[in-house]
Amino acid sequence: ELVVLLTSQTLRRPWCAGEITIAWQSHGRVTAIYHPSFMPPEEEVMEADAMGAYLSAADFQLVEYGITNDAISKAYRWFLHDLDSKVYIRSDLVGRTRFEQAVKDVLSISNSRSLGPLARFFVNRPKRKSSSSSGVMTTFSGSKLQLKKSASTYNLDTIASFKPGSLLVSSLPDSDEATAAAGVLVGRLQGAMLELVPEGMVILADLSPSQVDEAVMSIGTAHALIVILSEGSLGSLEQL
């Protein structure tokens with residue numbers, strides 16, 4: 001299965017073009033994740049004779065691998081117009097919750113593909129109203145009946161909160177690339193820092209605006225501050 005994260009430059013990358021084309025030729029399973037920065041190319045750009053100029057320069061030729069501009073053109077049209085499995089990164093969420101929700105949506109699509117017809121009927125049938133507030137939804141996975149929490153039971157507004165003694169990580173606000181870098185850093189450090197910083201590590205981008213203001217005002221009580229510098233950091237009032 002191929003998952004394609006569509007940003008402003010994805011379809012210009014020769015390797016991405018090759019992967020999408022091979023998936024189209026082999027009738028593979030494909031899911032597209034649409035980032036807010038993505039803008040689909042104009043129809044004339046996707047013509048076979050214009051594809052060479054549209055793709056970024058590379059030190060190899062896709063035709064060497066049997067992938068022609070004509071095949072890329074057809075694959076892109078299928079990918080953009082006929083593909084049903086689409087996920088959208090939500091701009092109303094903050095920080096890593098954007099990625100977490102996208103992952104949940106992709107897994108939901110993947111799970112539904114693996115279900116049998118009877119299971120899909122139970123999953124997709126209209127839900128009856130219930131007085132229960134547990135937020136638990138019944139789904140089938142293979143031959144086993146499982147209980148899963150519905151997305152409404154998760155707090156998607158924030159996945160962290162600042163506490164005195166926390167280790168703060170500052171990255172460029174509203175930059176998903178910077179947020180992802182901060183997430184990788186925290187993921188690598190968290191285990192090693194657990195005993196040293198029991199209050200945990202907090203990425204400022206994960207916080208709501210009011211929580212960011214509170215954290216910035218209380219930064220003197222933090223264990224330490226890690227600042228990730230990226231393009232635009234020195235112009236960011238929050239990072240400064």
Side-chain angles (χ1 to χ4, degrees), residues 3-10 31-39 85-111 133-137 148-194 197-240:
V3 177
V4 181
L5 175 58
L6 288 171
T7 61
S8 60
Q9 297 297 311
T10 301
T31 299
I33 302 178
Y34 282 73
H35 187 269
S37 66
F38 175 72
M39 293 292 291
S85 301
K86 299 178 181 179
V87 168
Y88 296 87
I89 292 182
R90 290 172 47 183
S91 299
D92 60 311
L93 300 179
V94 297
R96 288 175 294 169
T97 56
R98 294 178 180 177
F99 307 137
E100 289 199 344
Q101 183 59 55
V103 169
K104 290 175 186 177
D105 292 341
V106 169
L107 291 177
S108 176
I109 291 174
S110 181
N111 288 336
S133 60
S134 62
V136 174
M137 175 176 65
K148 293 184 179 180
K149 286 188 175 181
S150 66
S152 61
T153 63
Y154 292 93
N155 179 8
L156 296 175
D157 295 324
T158 179
I159 57 177
S161 59
F162 172 77
K163 294 181 293 185
S166 298
L167 177 59
L168 292 181
V169 179
S170 170
S171 59
L172 185 65
D174 300 320
S175 169
D176 286 332
E177 187 174 4
T179 299
V184 171
L185 177 66
V186 168
R188 297 296 297 271
L189 291 179
Q190 212 157 25
M193 300 294 290
L194 188 59
V197 189
E199 290 78 9
M201 301 179 69
V202 178
I203 298 176
L204 289 175
D206 286 341
L207 306 180
S208 66
S210 60
Q211 289 176 311
V212 170
D213 292 341
E214 178 185 352
V216 170
M217 294 298 294
S218 306
I219 204 165
T221 66
H223 179 86
L225 172 67
I226 297 175
V227 180
I228 298 178
L229 294 176
S230 58
E231 184 178 0
S233 288
L234 297 184
S236 168
L237 290 177
E238 182 180 303
Q239 283 206 282
L240 292 176

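Positions are given from 1 along the sequence.
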With distance as the sole test, does Asp206 use its side chain to make a donor-acceptor pair with the main-chain N or O of Arg96 at under 3.5 Å?
yes

Enter the distance from Gln9:CD to Phe38:CZ here, rounded to the nearest 0.5 Å.
11.0 Å

Consider side chain to side chain contact (heavy atoms under 4.5 Å, CB included). Of Val186, Leu185, Leu167, which one does Ile203 pass it with?
Val186

Residues Thr179 and Ala205: closest non-hydrogen pair is OG1-CB, 3.7 Å

For Pro198, all residues meeting side chain to side chain contact (heavy atoms under 4.5 Å, CB included), sequence neighbours excluded:
none

Do Gln101 and Asp105 pass the side chain to side chain contact (heavy atoms under 4.5 Å, CB included) test, and can you show the C-alpha distance, the side-chain angles, and the key distance before you say yes or no?
CA-CA 6 Å; Gln101 183 59 55; Asp105 292 341; 2.9 Å; yes

Would you please name every residue forming a side-chain hydrogen bond (donor to acceptor under 3.5 Å, both in side chains) with Thr10, sequence neighbours left out?
Thr7

Which residues share a side-chain hydrogen bond (donor to acceptor under 3.5 Å, both in side chains) with Ser171, sequence neighbours left out:
none

What residues form a side-chain hydrogen bond (donor to acceptor under 3.5 Å, both in side chains) with Ser175, not counting sequence neighbours?
none

Among all residues two or more places apart in sequence or in another chain, which pass the ring-ring contact (aromatic ring centres under 6.0 Å, His included) test with Tyr88?
Tyr34

Considering all heavy atoms, the nearest Ala182-Val169 contact:
CB-CG1, 4.0 Å

Pairs meeting criterion salt bridge (Lys or Arg N to Asp or Glu O under 4.0 Å) with involvement of residues 170-188, two or more places apart
Arg98-Asp176

Work out which heavy atom in Ala215 is nearest to a heavy atom in Leu204; give both atom names and the distance.
CB-CD2, 3.8 Å

Who passes side-chain hydrogen bond (donor to acceptor under 3.5 Å, both in side chains) against Ser236, sequence neighbours left out?
none

Considering non-hydrogen atoms only, spot the tightest contact between Glu199 and Gly165 and give its length.
OE1-O, 3.5 Å

Side chain to side chain contact (heavy atoms under 4.5 Å, CB included) filter on Val227, not counting sequence neighbours, yields Ser170, Leu225, Leu229, Gln239

N/O donor-acceptor pairs under 3.5 Å from side chains in residues 217-224, not counting sequence neighbours:
unit_1	atom_1	unit_2	atom_2	d
Ser218	OG	Glu214	O	3.0
Thr221	OG1	Ser218	O	2.7

Going through the distances and angles, do Ile89 and Ile33 end up as a side chain to side chain contact (heavy atoms under 4.5 Å, CB included)?
CA-CA 7 Å; Ile89 292 182; Ile33 302 178; 3.7 Å; yes

Might you point out which heavy atoms bring Ser85 and Ile109 nearest each other, and give the distance in Å?
OG-CG2, 3.8 Å

Test side chain to side chain contact (heavy atoms under 4.5 Å, CB included) applied to Ser8 - qualifying residues, sequence neighbours left out:
Ser37

